[in-house]
Amino acid sequence: MSAGTPEERVVRRARLRIGSLVGLVIAALLGLAGAISYGILLHSQEQQIDGELAWGVTHGTIAGPPACSWIFTYDGSTVDTGVAPPPPGFPLHDDLVEVAATGATQDARIARDGTVYHVRTARQGDEVVQAVFDARFQLADRRHLLIAFGVAAGAGALAAVVGGVVVGRRAVAPLAEALHRQRRFVADASHELRTPIAQVHARAQLLARRARAADDDAQARDLDRLVSTTRRLGEIVDELLLSARLAAAQGTAATRPDSTAVDIAALVEDAVAADTARAAVRRVTVTSVTAPGLPAVVGVESALRRVVAELLSNALSHTPPGGHIGVAARAAEQDRVVEVVVTDTGPGLDPGDGERIFDRFHRGTGADERRFGLGLALLREVVTSHGGTIRAGGAPGQGATFVLRLPATTAGVPGPRGLASAARDEQEVGAAL
């Protein structure tokens, strides 16, 4: 079953949260009502029992059910238990003797035989009277009330959750529509902007060449800045379009019809070979180490090629001349995971940027050109869609390390891809995603 787009997953989570919150609120209200009702019943029963005991010790009889009350009298030497046989353990002789000696009224509560006995011992004239009340019927009323409220709370909570889901579906529907329209707008606007931006970029390059041919250095520098700005603008538009297409893709990469078994080691080797000339110009040494017999991963090859290439390109952009970049591909967790580790000797990362650099348009601290834009955010979207993870680490002045982890597969590995195929995939990655 398709997992849906990220927006659809967000909408589903919002519906579930709304339904759950509504259910919890109603369940809490039912629980509060039950607690208040139970408290009122308990208070009224305690008052009733206290009244029965007070009447019993004063008048020598209790108006409650005969099977639930007993009156004992003590004249200092003998105890009169009356006609009805008392429950085991009664009367409480120690309380009778103590009240006879001190005259102070004693109250006791005895839990025995699955019930609770309320006992009051008080002096009445020359005698000591002990009244015993069995609260078994009151306890039964409390249990029945709790059971009734438990059933009502469960049924009410279930109905509340169902009703909340329905309400949440209707409440979140405008949000889902807004997200869908937003994605379509970004895709349409980015698509329409690509051509005019490309034309402006080409025109700026032509004007810059003419200015240099005319030895107009000032105008050439200004036009070079315009070329750089339009190139960056074009990159941003391409990234926006790629992001919209990626969000519109249904399901994970493993379920896509164009998914294959991808040889990560070959992608690493191709990426290093493709950037050899650029590394030489920047006087940066790039080394790669790929473990033999590395298992393949299932996914869209062009997308994963873009991920590996972008990680290497990002390292080259931030490594100064004379620096070194290492790219390693290896298996982990007993061949269940394939890792690609890219390390550089660049300026490193601020500890707080380890996660934020994958946010869209995040800009690193204290670096004028260290704009991460959509690039790393898109890489994480691609990696996540393949069931993998990507993280960054490092410290200022100590370089940066990016670790890509993808689930491995036992499927066969496709044949090696050449640089021409890599270039073609780079051009087709927008359509693939």
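Quick caveat: nothing in here was measured; it's all calculated off a predicted structure. The chain is numbered in sequence order, starting from 1.
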**Asked** Under a 4.5 Å cut-off applied to non-hydrogen side-chain atoms, are Arg142 and Leu41 in contact?
**Response** yes

**Item:** Ala315 backbone acceptor or donor facing Asp344 side chain under 3.5 Å
**Value:** no

**Asked** Are Asp275 and Val286 side-chain neighbours, meaning at least one heavy-atom pair lies under 4.5 Å?
**Response** no

**Item:** His59: partners by ring-ring contact (aromatic ring centres under 6.0 Å, His included), with sequence neighbours left out
**Value:** Trp55

**Request:** Indicate yes or no for a side-chain donor-acceptor contact from His201 to the backbone of Ile197 under 3.5 Å, with no hydrogens or angles considered.
**Result:** no

**Request:** Kindly determine whether Val262 and Val298 satisfy side-chain contact (heavy atoms from CB on, under 4.5 Å), including the steps that lead there.
**Result:** CA-CA 6 Å; Val262 181; Val298 174; over 6 Å; no

**Message:** Checking Thr73 against Asp75: is there a side-chain donor and acceptor pair closer than 3.5 Å?
**Reply:** no

**Asked** Where is the tightest heavy-atom contact between Ser288 and Val272, given as atom of each residue plus distance?
**Response** CB-CG2, 3.8 Å

**Point-to-point distance, once rounded to the nearest 0.5 Å, from CD1 of Ile49 to OG of Ser69** = 12.0 Å

**Minimum-distance pair of heavy atoms, taken over all atoms of Asp335 and Pro295** = O-CG, 4.0 Å

**Asked** Where is the tightest heavy-atom contact between Thr58 and Ala54, given as atom of each residue plus distance?
**Response** OG1-O, 2.8 Å

Acceptor/donor pairs from residues 110-117 side chains to any protein atom, 3.5 angstrom cut, sequence neighbours excluded:
{"from": "Arg112", "atom 1": "NH1", "to": "Pro88", "atom 2": "O", "distance (Å)": "2.7"}
{"from": "Thr115", "atom 1": "OG1", "to": "Asp134", "atom 2": "OD1", "distance (Å)": "2.6"}
{"from": "Thr115", "atom 1": "OG1", "to": "Arg136", "atom 2": "N", "distance (Å)": "3.3"}

**Fill in**
Taken to the nearest 0.5 Å, the spacing of Arg330 CZ from Glu339 CD works out to 4.5 Å

**Fill in**
dist Leu233:CG -> Ser228:OG (nearest 0.5 Å) comes out at 11.0 Å

**Complete:** Heavy-atom nearest pair, Val132 first then Phe90, reads CG2-CD2, 4.0 Å

**Message:** Less than 4.5 Å apart, side chain to side chain, heavy atoms only: is that true for Leu311 and Leu379?
**Reply:** yes

**Message:** When you compare the side chains of Ser313 and Arg306, does any donor N or O come within less than 3.5 Å of an acceptor on the partner?
**Reply:** no

**Message:** Is the shortest side-chain heavy-atom distance between Ser317 and Arg278 below 4.5 Å?
**Reply:** yes

**Request:** Might you work through the side-chain contact (heavy atoms from CB on, under 4.5 Å) test for Val327 and Leu312, ending with a clear yes or no?
**Result:** CA-CA 8 Å; Val327 186; Leu312 180 56; 3.9 Å; yes

**Fill in**
Interatomic distance, CZ@Arg282 vs OG1@Thr319, rounded to 0.5 Å, equals 7.5 Å

**Asked** Does some side-chain heavy atom of Val129 sit less than 4.5 Å from a side-chain heavy atom of Phe72?
**Response** no

**Request:** Might you point out which heavy atoms bring Leu349 and Gly393 nearest each other, and give the distance in Å?
**Result:** CD1-O, 3.7 Å

**Item:** Side-chain heavy-atom pair Thr290, Glu269 within 4.5 angstrom cut-off
**Value:** yes

**Item:** Atom pair CD/CH2 of Gln130 and Trp70 - distance to nearest 0.5 Å
**Value:** 12.0 Å

**Message:** So, applying side-chain contact (heavy atoms from CB on, under 4.5 Å) with Leu406, which one of Ile264, Thr389, Val307 is it?
**Reply:** Ile264

**Prompt:** With a 4.5 Å limit on heavy-atom distance, are the side chains of Thr401 and Val342 in contact?
**Reply:** no

**Prompt:** Can you check whether Gln106's main-chain N or O pairs, donor with acceptor, with Arg120's side chain at less than 3.5 Å?
**Reply:** no

**Request:** Take Ile390 and Arg405, measure what side-chain contact (heavy atoms from CB on, under 4.5 Å) needs, and give me the verdict at the end.
**Result:** CA-CA 6 Å; Ile390 184 171; Arg405 291 169 59 89; over 6 Å; no

**Prompt:** Do Gln138 and Phe133 pass the side-chain contact (heavy atoms from CB on, under 4.5 Å) test, and can you show the C-alpha distance, the side-chain angles, and the key distance before you say yes or no?
**Reply:** CA-CA 11 Å; Gln138 285 76 10; Phe133 187 90; 3.8 Å; yes

**Donor-acceptor contact below 3.5 Å, side chain Thr345 vs main chain His324** = yes

**Prompt:** With a 4.5 Å heavy-atom cut-off, do Thr287 and Ile325 have their side chains touching?
**Reply:** no

**Asked** Closest approach of Leu294 and Ala331, non-hydrogen atoms and distance?
**Response** CD1-N, 3.3 Å

**Interatomic spacing from NE2 in His386 to CG in Leu404 - rounded to 0.5 Å** = 10.0 Å

**Message:** Would you say CD of Gln47 has more than 12 non-hydrogen atoms from neighbouring residues, nucleotides or ligands within 6.0 angstrom?
**Reply:** yes

**Request:** Answer yes or no: is there an ion pair linking Glu46 with Arg109, defined by an N-O contact shorter than 4.0 Å?
**Result:** yes

